[in-house]
Engineer: 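Can you read through this structure? Questions will come right after.
First listed ligand is number 1; within each ligand, the first listed atom is number 1.
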Amino acid sequence: MDDADRLADPSMIEFIRRIRDPLARMQMEHQFAVDEVLTKVSILRREFLHLHRYNPIEHVGSRVKSTPSILDKVLRRGIELSPEAIRAGITDIAGVRITCSFIADTYRILDTLTAQADVRVVTIKDYIADPKPNGYKSLHAILEIPVFLTTGPVPTIVEVQIRTIAMDFWASLEHKIYYKYEGAVPAHLTADLSDAAEVAAQLDRRMEHLHQEVRTATPPSDDAVAIDVLDEKLLRRIRERIRHQQRGNE
Ligand code: GTP
Ligand code: MG
């Protein structure tokens, strides 16, 4: 069908007119929901860094599903071609992927995120405890969070995937292979991928073990550094205030 044919099809024009604005609005709202989740994750990461002196999150990625991908999924899933049905039926219009350093961190991030008062958990799938047959591992959470618009709060669905660097490495390669072969991956590659998933899991266990060992070693005191940032005059005033308070307490 060339452009002239597409535009001459009245039912198509009617469909585009009906769906275009609601779809754009839906994508905008889901972008806001992504932004909310990214802010939450950024706060968790920075507080965690402050508390535990290490960064549990290596990378955060996000995307809002494009119009063609949304429509493709709607057709594959047999969902009705209406804005309401699309909003209710497609749970990954908003997607956030969090890559953590260690397995323990993936659960910690999921727990703290889902414990927040404005986050409603729709479903959680733990493919780390229970990997897919091909070896795929990740924590998947479908969350609902309010997006505050001029008309009031709009509950919006976000798919959050949390995994380790090793799991992410494996999943990206598997994804590329799957698409290259359009789903019909040759048996020897499937077997190799399955082996690679086991090696990735081993790496995760060894890295976590090393990390635990290093963490239990006593870190050097950083008192000197903390005092270094205060100049002489300020130090003198603090010292006087401490003495004053001590006298007050006697
Ligand atoms: P989709 O319709 O594909 O979104 O999957 P689903 O509704 O069955 O949900 P599921 O939680 O199983 O998967 C959601 C998303 O996780 C997918 O869109 C992918 O991003 C990712 N995913 C799931 N399984 C695999 C897998 O075997 N390999 C890779 N690379 N990614 C996967
Ligand atoms: Mg998906």
Side-chain angles (χ1 to χ4, degrees), residues 23 26-27 29-31 33-34 37-38 41 57-100 103 105-107 109-111 113-114 119-145 156-204:
L23 208 56
M26 207 186 301
Q27 284 162 315
E29 287 170 7
H30 283 80
Q31 181 61 59
V34 163
V37 172
L38 292 180
V41 173
I57 296 173
E58 288 291 332
H59 179 76
V60 183
S62 67
R63 64 104 183 88
V64 171
K65 228 178 175 62
S66 67
T67 303
S69 308
I70 292 175
L71 294 176
D72 179 67
K73 193 161 184 173
V74 164
L75 296 175
R76 270 191 287 123
R77 292 276 170 98
I79 294 168
E80 192 193 287
L81 279 170
S82 74
E84 300 73 29
I86 294 174
R87 202 176 216 291
I90 309 284
T91 53
D92 65 347
I93 297 175
V96 174
R97 185 174 291 156
I98 305 168
T99 311
C100 292
I103 298 170
D105 296 331
T106 64
Y107 287 103
I109 296 290
L110 179 70
D111 289 346
L113 206 54
T114 54
V119 174
R120 186 174 81 80
V121 177
V122 180
T123 53
I124 289 182
K125 291 186 204 163
D126 184 352
Y127 294 124
I128 294 179
D130 202 2
K132 288 204 170 181
N134 62 0
Y136 177 78
K137 286 186 169 187
S138 267
L139 292 178
H140 289 188
I142 304 292
L143 307 177
E144 187 186 70
I145 61 155
T156 307
I157 298 286
V158 182
E159 179 185 278
V160 180
Q161 301 181 351
I162 313 176
R163 48 173 80 149
T164 63
I165 304 168
M167 292 170 196
D168 191 53
F169 190 21
W170 184 93
S172 340
L173 182 64
E174 191 271 348
H175 184 77
K176 279 181 205 136
I177 293 175
Y178 188 86
Y179 271 84
K180 190 171 170 86
Y181 290 94
E182 291 171 344
V185 182
H188 75 279
L189 284 184
T190 309
D192 274 358
L193 272 171
S194 180
D195 277 357
E198 186 39 51
V199 175
Q202 255 170 39
L203 181 65
D204 267 335

Engineer: Using heavy atoms and a threshold below 4.0 Å, how should the contact between Tyr127 and ligand 1 be classified: side chain, backbone, both, or neither?
Structural biologist: side chain
Engineer: Under the side-chain contact (heavy atoms from CB on, under 4.5 Å) test against Leu139, which residue among Ile124, Ile109, Ile98, Ile162 passes?
Structural biologist: Ile162
Engineer: Only one of Val158, Val41, Leu38, Val37 forms a side-chain contact (heavy atoms from CB on, under 4.5 Å) with Ser62, so which one is it?
Structural biologist: Leu38
Engineer: Any non-hydrogen side-chain atom of Ile70 less than 4.5 Å from a side-chain atom of Gln27?
Structural biologist: yes
Engineer: Is there a polar contact between ligand 1 and Glu174, counting only N or O atoms under 3.5 Å apart?
Structural biologist: yes
Engineer: Quick one: look at Asp92 and ligand 1, take heavy-atom pairs under 4.0 Å, and tell me if it's side chain, backbone, both or neither.
Structural biologist: side chain
Engineer: If you measure every N or O of Glu159 against every N or O of ligand 1, does any of those distances drop under 3.5 Å?
Structural biologist: no
Engineer: Below 30° counts as parallel, above 60° as perpendicular, anything between as tilted: where do the rings of Tyr127 and Tyr136 land?
Structural biologist: perpendicular
Engineer: Salt-bridged, Lys137 to Asp204, with N to O below 4.0 Å?
Structural biologist: no
Engineer: At under 4.0 Å between heavy atoms, which part of Arg77 makes contact with ligand 1: side chain, backbone, both or neither?
Structural biologist: side chain
Engineer: Just which atoms of ligand 1 are under 4.0 Å from any heavy atom in Ala171?
Structural biologist: 30 (N)
Engineer: Which ligand 1 atoms are under 4.0 Å away from a heavy-atom of Lys73?
Structural biologist: 1 (P), 2 (O), 4 (O)
Engineer: For a 4.5 angstrom cut-off between non-hydrogen side-chain atoms, does Thr106 reach Met167?
Structural biologist: no
Engineer: Can you figure out which of Lys132, Arg97, His140 has its heavy atom closest to atom 12 (O) of ligand 1?
Structural biologist: Lys132
Engineer: Has Phe169 got more than 12 heavy atoms of other residues, nucleotides or ligands less than 6.0 Å from its CZ?
Structural biologist: no
Engineer: Could you list which atoms of ligand 1 come closer than 4.0 Å to a heavy atom of Asn134?
Structural biologist: 26 (C), 27 (O)
Engineer: Geometry only, no angles: is Lys125 polar-contacting ligand 1 at N/O separations under 3.5 Å?
Structural biologist: yes
